[in-house]
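Below you'll find the structure, written out as structure tokens, and then a few comments.
For reference, positions follow the sequence shown, starting with 1. Just so you know, ligand 1 is whichever comes first in the structure, and atom 1 is the first atom listed for that ligand.
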Amino acid sequence: MTMNNNELADILIIDDDTAVVMALNKALKKIGRIRFATEAKQAFLMIEENYPDLILLDVELPDIRGLEVCSMLKNNPETEHIPVLFITSHTEMGFEEKVFDVGAADYIGKPLQPRVVAARVQTHLDYHHAISLLEKLAQTDSMTNLFNRRTFDEQLVTELKRARREQEPLTVVLVDIDQFKKYNDHFGHIEGDDCIKRIAGVLNDCAKRPLDLAARYGGEEFALLLPNTDVDGAKAVLDELRHTVEALAIQHAPDATYDVVTISVGYSILNLDEVNPDDWAIVKEADDALYQSKQQGRNRITR
Ligand code: GH3
Ligand code: MG
Ligand code: MG
Ligand code: MG
Ligand code: MG
């Protein structure tokens with residue numbers, strides 16, 4: 001999610017006709033920060049610099065045809081979500097279809113009517129903003145702001161596929177707070193929620209690399225997905241995690257084993273030689289390892 005409703009949207013106009021650019025700039029300056037490019041090559045550089053919230057695209061450009069530019073944007077996972085609106089005076093039969101075939105959100109006919117342009121652009125920005133918000137809500141655990149279980153399950157399948165294809169290690173981690181019933185019984189549920197949030201913050205900090213994922217797996221259980229991470233990498237991340245939680249020094253209930261709140265950790269690394277791979281086997285292994293950590297006295301890490 002990039003856009004906040006109160007922020008001005010970032011709108012990129014790609015058109016080689018400066019009169020059109022000036023007219024659009026005037027029509028849209030209240031809605032967004034306008035950037036413009038007069039050819040496709042320049043536009044792609046600007047898009048990479050900062051992904052715009054919406055693109056207005058001319059059909060005829062000096063270097064690459066507008067329809068092709070739109071196809072390229074829609075075939076790139078980084079830019080496929082950006083709404084593209086064509087600016088065109090093409091009125092021949094079938095052109096409208098072509099525009100939507102390449103994934104455009106809409107098209108605006110010339111001559112341009114400033115208020116119509118502004119209204120259409122605003123509608124698409126609002127729609128796009130609402131979709132992004134819904135996507136974010138659907139992926140997030142609202143109490144901790146970590147990813148939720150559903151997102152973990154989806155990403156697990158994706159990352160297992162990638163790991164097998166690229167022959168790269170993948171580490172799956174399960175984390176459970178130690179003797180948390182005692183914590184709740186002694187301090188109450190509100191303090192308990194607070195404790196969960198603080199530990200979630202540590203997990204979030206541990207998922208440092210772009211593809212690392214930290215999720216709330218259940219009540220006081222968390223999961224980490226660490227792509228391209230082998231035993232040494234996993235040990236380093238998890239030692240730091242366990243240590244950092246302990247160093248929060250959250251006072252535990254008087255009848256708990258340790259003075260401060262701790263976590264138990266279990267992890268498993270994908271076996272790339274598996275003949276009949278089962279996607280959930282790795283989670284089961286991490287869960288068995290977590291059980292071992294609990295059995296052996298808690299506040300520890302087991303593979
Ligand atoms: P163990 O060391 O074996 O894990 O002991 P435990 O008491 O932590 O046992 P377990 O993991 O089975 O218990 C989970 C407890 O966490 C039960 C429940 O009361 C508490 N819990 C789960 N979700 C929440 C939550 O969202 N908020 C609060 N405050 N407590 C929760
Ligand atoms: Mg042109
Ligand atoms: Mg538990
Ligand atoms: Mg527990
Ligand atoms: Mg238990």
Side-chain angles (χ1 to χ4, degrees), residues 134-157 159 170-207 212-226 229 234-235 237-269 278-303:
L134 283 179
E135 277 175 354
K136 172 109 173 100
L137 288 174
Q139 291 179 342
T140 309
D141 169 64
S142 63
M143 185 174 126
T144 60
N145 275 325
L146 295 181
F147 285 105
N148 58 21
R149 169 76 177 265
R150 178 202 334 205
T151 308
F152 175 84
D153 288 349
E154 282 172 9
Q155 277 306 110
L156 175 68
V157 173
E159 290 303 332
L170 171 72
T171 296
V172 171
V173 185
L174 291 178
V175 175
D176 185 289
I177 305 179
D178 293 327
Q179 297 176 314
F180 201 59
K181 277 193 203 91
K182 289 186 167 144
Y183 189 91
N184 272 324
D185 288 347
H186 185 75
F187 296 104
H189 258 77
I190 297 188
E191 285 290 320
D193 285 359
D194 243 28
C195 179
I196 290 176
K197 287 180 209 169
R198 291 184 66 189
I199 291 173
V202 179
L203 265 115
N204 191 42
D205 293 344
C206 276
D212 290 350
L213 182 141
R216 186 170 180 209
Y217 199 67
E220 39 80 84
E221 289 172 27
F222 306 94
L224 285 172
L225 206 51
L226 306 173
T229 302
K235 273 185 183 154
V237 172
L238 299 178
D239 278 340
E240 193 190 333
L241 170 67
R242 191 205 62 74
H243 179 258
T244 309
V245 168
E246 199 175 34
L248 289 175
I250 303 170
Q251 194 203 324
H252 212 321
D255 57 344
T257 309
Y258 300 96
D259 291 342
V260 298
V261 173
T262 54
I263 52 169
S264 291
V265 180
Y267 72 103
S268 175
I269 295 171
D278 162 9
D279 281 357
W280 305 107
I282 192 166
V283 178
K284 171 81 169 64
E285 281 164 21
D287 194 40
D288 291 345
L290 172 59
Y291 183 77
Q292 291 298 315
S293 284
K294 292 285 185 189
Q295 288 292 302
Q296 285 158 20
R298 299 181 171 82
N299 190 22
R300 67 197 63 215
I301 301 159
T302 307
R303 179 182 169 190

So, do Tyr217 and Phe152 have ring centers that fall under 6.0 Å from each other?
yes
If you take the nearest heavy atom of each of Met143, Arg216, His189, which one is closest to atom 26 (O) of ligand 1?
Arg216
Judged on heavy-atom distance to atom 13 (O) of ligand 1, which of Glu221, Gln179, Lys181 sits nearest?
Lys181
Distance-only side-chain donor-acceptor flag, Thr229 / Thr171, under 3.5 Å
no
Flag for Tyr291-Gln295: side-chain donor and acceptor within less than 3.5 Å:
yes
How about [atom1] on [X], more than 12 heavy atoms from neighbouring residues, nucleotides or ligands closer than 6.0 Å, or not?
{"X": "Gln251", "atom1": "CD", "value": "no"}
{"X": "Lys197", "atom1": "NZ", "value": "yes"}
{"X": "Leu134", "atom1": "CG", "value": "yes"}

Is it true that Asp278 and Lys284 have a side-chain N and a carboxylate O under 4.0 angstrom from each other?
no
Which atoms of ligand 1 are found less than 4.0 Å from any heavy atom of [X]?
{"X": "Asp193", "result": "25 (C), 26 (O), 27 (N), 28 (C), 29 (N)"}
{"X": "Asp178", "result": "2 (O)"}
{"X": "Arg298", "result": "1 (P), 2 (O), 3 (O)"}
{"X": "Gly219", "result": "22 (C), 23 (N)"}
{"X": "Gly192", "result": "29 (N)"}

Determine, stepwise, if the pair Arg298 / Asp176 fulfils salt bridge (Lys or Arg N to Asp or Glu O under 4.0 Å).
CA-CA 10 Å; Arg298 299 181 171 82; Asp176 185 289; over 6 Å; no
What about Lys182: any of its N or O atoms under 3.5 Å from an N or O on ligand 1?
no
Is it the case that ligand 1 has an N or O less than 3.5 angstrom from some N or O of Ile196?
no
Looking at Glu221, the N, O or S atom sitting nearest the Mg ion (ligand 3) is OE2
Please determine whether Ile177 has a backbone or side-chain N, O or S atom lying under 2.8 Å from the Mg ion (ligand 4).
yes
Whether Glu220 has an N, O or S atom under 2.8 Å from the Mg ion (ligand 4)
yes
From the options Asn299, Leu203, Leu241, select the one residue that forms a side chain to side chain contact (heavy atoms under 4.5 Å, CB included) with Ile263.
Leu241
If I consider every N, O or S atom in Asp176, which one ends up closest to the Mg ion (ligand 4)? I only need its name.
OD1
Classify the contact between Asp176 and ligand 1 as side chain, backbone, both or neither, using a heavy-atom distance cut-off of under 4.0 Å.
side chain
